[in-house]
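Lettering follows sequence order; numbering is per chain, from 1.
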Amino acid sequence: MRQANIKNGVLVLGGGIAGIQASLDLANIGFKVYLVEKTPSIGGRMAQLDSIFPTLEPSIKLLMPKMVDVANNPRVELITYSEVVGFSGNSGNYEVTVVRKPRYVEEEKCTGCGKCLEVCPVSIPDEFNRGLCRTKAISFYSPYAIPKVAVINPEYCLRLSGKEPCDKCLEVCESKAINFEQKTEKITFKVGATIICVGAEIFDASKAAELGYGRLKNVISHLEFERMLDPSGPTCGKIIDLNTGKTPKSIVFVLCVGCRDKRFYEHCCNIGCMVSIKQAITVRERLGYDVDIYVCFNDIRAYGRGYEEFYEKARSLGINFLAGIPAEVRESPDGSLYVGVYEKILNRLLEIKADLVVLINGIVPRNDYAKLSQIFNIPLGTDGFFLEAHPKLKPLESPVPGVFLIGTCQGPKGIAETIAQASGAAAKVMTYLSALGNTSQELLE
Amino acid sequence: MSLSDLTKMSEVNKELYMKVLRKLAEEKLFGCFQCSRCTGGCTAFKLLELTPNTVMKLTKLGFINELVDSEIIWTCASCLQCTERCPQRASPYHVIIDLRNLAVERQTKVPEGYLRAVSHILETGLMQPMEKVTAKNMEIFERDTLNLPKIAGASEKFKAIFLETLGGI
């Protein structure tokens, strides 16, 4: 039966690799795509990574062409720095309400020259670099920001916070893009289907107080370490002891932080083992045999294609795998860290003197899932992630018709599975909309 | 050093580790992922509690002094079952032999039985001491009463080569 007023637009919520891939697939078939992203730039987590396992290719090298493609595609409407606040209607005809946060910089006018960054007097912690370095109150979200439009942080900006009538950026901007009067903007549009790929957060390890994250400077999360390894990151790819700035002599990786732990989250984060192996191999390749590398694990789960070989490569590079998770990380008065591990195979208590401790924090649900769950009427599972219609038979569908779930918001997973799901969901959207009665010509007008 | 053992108070020797590391072909040591198949089938484990997987782990972590000084490395029966069965083509046997060589090099105390065996080979040219011929009814015969040929001792040439090979001892 043919149904009237089926919309051919698709809302893709989340501009990470999942959203980018799904948007590209849908736009290439001929659908109109609204790509809504919360942060000022698309790219998501993958843009923060140095390299990907098991090929060790630079992450941004793979992501950048896709980001540019999606930004230049005429059928994709990029709506960055925005959040969905309303979603109503019925199968095949949904109305979406999006709130655009003010950038205080006009997107059409800004050329991305970066002159405003040079003159801005306020320095703030850099969110993209996980606080490892500082940026200005007016800044680009990341070195690879797309769209390359500056954003003013109203909390820190002297003028917007009402501290001083500073207008340094206004003076220097040649294209007159700065607009302090910009207000929150509400836009609505109609779509036939939705793909939700809002991603997930990594565990805040300061909750596991015994490991000293947040208290000890040289205990860092794997995402911070990833920024440190990135050549375009805060240290230009140099691996340093954050207290002294010297090259570390000994690095310890601690797996399963916050995950497989009933105090926090019970699930397995899926990628932690491989992330630690990837980072350990990268350290060995950059620093050679002068550095001792220890990976403290519960189990090594190298389940994917090429993963076991990757693990074998790590072993052949003399990376020490210790069966046992440290109970605590202690700091000695001279600033070095002591990690005690009870090694299950040797039945001995080992103590490692470490310069840097990298915690492999698990992938965990984000705080705003509850809000999104209400807006879209999709239930959350007991683990806190969005619940798919069936774990085996309908892994991409949500219980709401026409709404699909992909990427880490549906459960922890790696890049390869996320991309596979994205393409799968794009195909599902096409099937769904044509099943409602529209011929392909009408859908792709 | 960055690693120490609080249970046995032994320390890691990185210089020695690098030396052993260079000596061992990569795959002989590094492939090991502690499946402990070697220990499960070890001939010496049943009697003498040699655990080849622990030897592998300790060598990898660099506790080499401790192993070289211990008597456990001398209990290996060289049956090579561990090498045969290792799923990662690692070889605890080769690691143990390298550790023994290191012990000899450093003139650590070598167990007496070993020295006896070496001197026996030097004297007779035989691996095992000669036994007398025993019949089914437990009657013992000398070789010459049965007209069996005499076994020659080690030749001078063999002794020279053997002593040269032994080197340090």
Of the backbone (N, CA, C, O) and the side chain (C-beta and beyond), which part of A/Glu351 lies under 4.5 Å from a heavy atom of chain B, both, or neither?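 For A/Glu351, backbone and side chain are both near chain B.
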
Interchain contact, A/Tyr311 with chain B, by part (heavy-atom threshold 4.5 Å):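 Contact with chain B is through the side chain of A/Tyr311 alone.
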
Count the heavy atoms belonging to other residues, nucleotides or ligands that lie under 6.0 Å from CD of A/Glu285, then report whether that count exceeds 12.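 Yes, the 6.0 Å shell around CD holds more than 12 heavy atoms from other groups.
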
More than 12 non-hydrogen atoms from neighbouring residues, nucleotides or ligands closer than 6.0 Å to CD on A/Glu308, yes or no?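 Yes, the 6.0 Å shell around CD holds more than 12 heavy atoms from other groups.
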
Can you tell me how far CD of B/Gln34 sits from NZ of A/Lys344, rounded to the nearest 0.5 angstrom?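 The NZ atom of A/Lys344 sits 12.0 Å away from the CD atom of B/Gln34.
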
Measuring from B/Lys57:NZ to A/Ile345:CD1, what's the distance to the nearest 0.5 Å?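 The CD1 atom of A/Ile345 is 4.5 Å from NZ of B/Lys57, to the nearest 0.5 Å.
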
Identify the two heavy atoms, one from B/Phe30 and one from A/Arg315, that lie closest to each other, and give their separation to 0.1 Å.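 Shortest heavy-atom contact: O-CB, 3.3 Å.
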
Which heavy atom in A/Leu350 sits nearest to a heavy atom in B/Leu61, and how many Å separate them?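 Heavy atoms of A/Leu350 and B/Leu61 come nearest at CD1-CD1, 3.9 Å.
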
Under the ring pair (Phe, Tyr, Trp, His ring centres under 6.0 Å) rule, collect the residues that match up with A/Tyr213, sequence neighbours excluded.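 None.
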
Lys/Arg N to Asp/Glu carboxylate O, B/Lys60 vs A/Glu343, below 4.0 Å: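 No, no charged N to carboxylate O under 4.0 Å.
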
Applying a heavy-atom distance below 4.5 Å, give me the residues of residues 42-56 of chain B that approach chain A, sorted by number.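 So far as heavy atoms go, B/Asn53, B/Thr54 are the residues that approach chain A to under 4.5 Å.
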
Mind checking which of residues 67-78 of chain B sit less than 4.5 Å from chain A, heavy atom to heavy atom?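 No residue falls under the 4.5 Å cut-off.
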
May I ask you to name which of A/Leu322, A/Val252, A/Ile300 has the most heavy-atom pairs under 4.5 Å with chain B?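 Highest number of heavy-atom pairs under 4.5 Å: A/Leu322.
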
Worked verdict on B/Leu3 versus A/Tyr294 for side-chain contact (heavy atoms from CB on, under 4.5 Å): CA-CA 10 Å; B/Leu3 189 71; A/Tyr294 302 93; 3.5 Å; yes

Kindly list each side-chain donor-acceptor pair under 3.5 angstrom involving residues 145-160 of chain B, sequence neighbours excluded, with atom names and distances?
unit_1	atom_1	unit_2	atom_2	d
B/Thr145	OG1	B/Glu142	O	2.7
B/Ser155	OG	B/Phe158	N	3.1

